[in-house]
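The structure appears below as structure tokens.
Every heavy atom of this structure was used, including side-chain atoms; hydrogens, water molecules and symmetry mates were not.
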Amino acid sequence: MTENAKVSRIGVKDIVTKRVGVPAVVGMFYAMCCAGAFGIEEMIPETGPGLAIVMLVALPFVWALPYSYILAELGSARPVEGGNIVWVKEALGEFWFGVMVFVNFLWGLVANTVYVVLAVSYFGTIVEIDSLQAYVMKVGLILIFFIINLLGIKEVGAVNTIFSVFVMAAFLIVAIVGFANWHSNPMEPFMSEAYDGAVFPTLGAGLAIGLWMYSGFDEISLVAGEIRDSHRIIPRALMIVIPLMIATYILPTLGGLASVGNWELWTTDPEGLGYHSVLQNFAPMGFTVFFIIVAVLGQCSIFNMCIAVAARASLILSDEHFGPKSLAKLTSKRGTPWVSLLVVVAVTTALLGTPSKQSDFTFLVVLDVFFSVIVCGLTVISAYILKRRIPDSEVPFKAPGGRPMHNIMVGLCLFFCVAMLLLSGTDYFVGGLILILMIPVLYCICKRVWKGASVKDPESHLIDPRTKLGFGDVTRIGGYFVGFGAFGVAGRFFLAWHEGAWGPGYAVRPEDLGEWEADVLADLPELSAALTRQNGLTDGSVWIPGYYEAEYETGFFANWDGMLATILWIGLAAIAAGVALLLIGKRLSADDARFRAQAQAEARQAAQAAKRTTNG
């Protein structure tokens, strides 16, 4: 449809395509995947400066570029609204489509709240604000970016391009100032002693952060249907944004380490050392203020894109009859999913809490890893299948190396997906596992209520009258539970081995304290004293807090052993439920032919009745 048509619009068929240039799409990619080098500060003390730099250089070639080539190739062949969600349906069928769309929808609904909270907290480092002012600012940001998204994807891209230019400029200034004040080798030492020199835990800690820094490329595919000539524009933008990300990460990191040094003290805490320290130490105060403002803009750019992506997932959810029809309503002139946008911003606002009791939803990032890995895994598996189905003549952009290289790239992506799940931490693993096992429940509810694909094509997507689901869905759900349950159990034992030396706390007598343990006690005296009392130590021993106790202090995520036990029992319960469903599915399939014939007859009668109503 053209941009100027003024009609009542609902659903993907009425989406308005707009001329969005390569720079705007680059801005959207940069905002979603990068928005600055924020986060690398945690990687440096974990791995050591030399290893951190090497990993930031290497990961694009074994992770980001392979995934981007896969996305660019499939996106050029299938430039549709909903992007990888729709690709999964074509390749894997309705059930896995349901998993994909619910993961994207829930992820977008809850996780984008984090970026509003972070934006206002960054602003609070330069201007003192009280809780009411902070709440008003958060709501104001939500409303501003709701309006921008309501205008359309072209405007979202334009805003994010401007923000991205400021972010890139700020980190370029950090790099220049850092290089101008070079006084030490930024690559030394090569590896940190944070894990007593053990190579695997050190690599694991770096990979968990590094992979996350080079992720998010798949999200832009959801808006491909609104970008004119997206089959050409998106692949070009992808090939531009990755070098920009590499430069954003590596140059200021080299400059910062060479000038500020003290690599072991780098942190994302604004009060600690980081990229802003380069400007604080070697540039006028105005540059530091500018950098903090850019940090606010960076979080805003991510939030701006997250709203757009979540609303498109909601649109696809409705358009494929897994949600209320109203979610697919579009504005008459610009064709943006206004009801879906309203739902997204309403949930985001509700999650903020109240002015007097605001919620800090930064803990929601524990869901990000599992959800993003599911999206990536299903996307590359779908790409592998569709590579063999789609004729080469329908693929304008082809990744280098043909099918053999495509297979290697798919293998690399799946390997790093598993690595990201296992190396991101027990807290991320347990949080994601719980949520991902709830997805089939949502699928069953929405399939029974809104009928799914059977509405558009009742004869090809028959409803089993015994379950009110698709034929074979019970078996698929059973396999899903067995698969994720087994992965959870295996993950529990891997995490116990991988994190056993630093995840849990332990008791030690004062005369046996090592240098590192003494540092921990000096940094966390109150927490150590509280845990010493909590663990009933009366022989003079003191409790050295483990990683999760130091990170969370109290609650479920502070209890490493409790999280491991939860993962094990959830995994075993999922396996048991999955086996039961597989047995039920096998029993149902024995009588499928009779009920399938009944469903086909009912579908034909319904189609004929609908045709008579239309003709009448």
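Not counting sequence neighbours, the partners of Y547 by the side chain to side chain contact (heavy atoms under 4.5 Å, CB included) test are W502, E551.
Residue pairs meeting the side-chain hydrogen bond (donor to acceptor under 3.5 Å, both in side chains) criterion with at least one member in residues 286-302, sequence neighbours excluded, do not occur.
Not one N or O on the side chain of N304 forms a donor-acceptor pair closer than 3.5 Å with the backbone of C300. When atom types are taken as modelled, the side chain of T532 and the backbone of S528 share a donor-acceptor pair closer than 3.5 angstrom. At distances below 3.5 Å, at least one donor-acceptor pair connects side-chain atoms of N185 with backbone N or O atoms of M187. With hydrogens and angles ignored, the 3.5 Å screen pairs no side-chain donor or acceptor of D512 with any backbone N or O of V508. Side chain of W266 to main chain of G261: a donor-acceptor pair is present (N/O by atom type, distance under 3.5 Å, no hydrogens or angles). Between the side chain of S192 and the main chain of P45, a donor-acceptor pair closer than 3.5 Å is present. With S277 contributing its side chain and G274 its backbone, the two residues share a donor-acceptor pair below 3.5 Å.
Side-chain contact check for E549 and W543: at least one donor-acceptor pair (N or O, by modelled atom type) lies under 3.5 Å.
Across every non-hydrogen atom of G206 and T47, the tightest pair is CA-CG2, 3.2 Å. Contact detail for A37 and E41: the closest heavy-atom pair is O-OE1, 3.8 Å. Of all the heavy atoms in I292 and Y122, the pair that sits closest is CG2-O, 3.4 Å. L437 and A574 make their closest contact through CD1-CB, 4.0 Å (heavy atoms, listed as atom of the first residue, atom of the second, distance). Across all their heavy atoms, P545 and V520 have their closest contact at CD-CG1, 3.8 Å. Counting all heavy atoms, side chain and backbone alike, M43 lies closest to L56 at SD-CD2, 4.2 Å.
In this structure, Y275 has its ring center no closer than 6.0 Å to that of F291. Two rings, from Y30 and F163, have their centers 6.0 Å or more apart. Aromatic ring centres of Y249 and F38: separated by at least 6.0 Å. Ring-centre distance between Y115 and F303: not below the 6.0 Å cut-off.
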query = Going through the checks in order, is the side-chain hydrogen bond (donor to acceptor under 3.5 Å, both in side chains) test met by T379 and N84?
reply = CA-CA 6 Å; T379 299; N84 56 351; 3.2 Å; yes
ask   = Please walk me through it: do Y552 and D427 pass side-chain contact (heavy atoms from CB on, under 4.5 Å)?
value = CA-CA 10 Å; Y552 295 100; D427 48 351; 2.5 Å; yes
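F282 CZ: more than 12 foreign heavy atoms inside a 6.0 Å radius. Counting non-hydrogen atoms of other residues, nucleotides and ligands closer than 6.0 Å to CZ of F287 gives a total of 12 or fewer. Sparse packing is recorded around CZ of F61, with 12 or fewer heavy atoms of other residues, nucleotides or ligands lying under 6.0 Å away. By the 6.0 Å contact criterion, CZ on F415 is open, its count of non-hydrogen atoms from other residues, nucleotides or ligands being 12 or less. No more than 12 heavy atoms of other residues, nucleotides or ligands lie within 6.0 Å of CH2 in W569, so this atom counts as exposed by the packing criterion.
Residues M28 and E219 fail the side-chain proximity criterion, which asks for heavy atoms closer than 4.5 Å. Residues I381 and V410 fail the side-chain proximity criterion, which asks for heavy atoms closer than 4.5 Å.
Paired with V347 under the rule side-chain contact (heavy atoms from CB on, under 4.5 Å), one option of L351, T349, V344 passes, and it is L351.
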For a quick test of your reading: what N or O donor-acceptor pairs under 3.5 Å do the side chains of residues 480-497 make, sequence neighbours left out?
from : atom 1 : to   : atom 2 : distance (Å)
Y480 : OH     : I436 : O      : 2.6

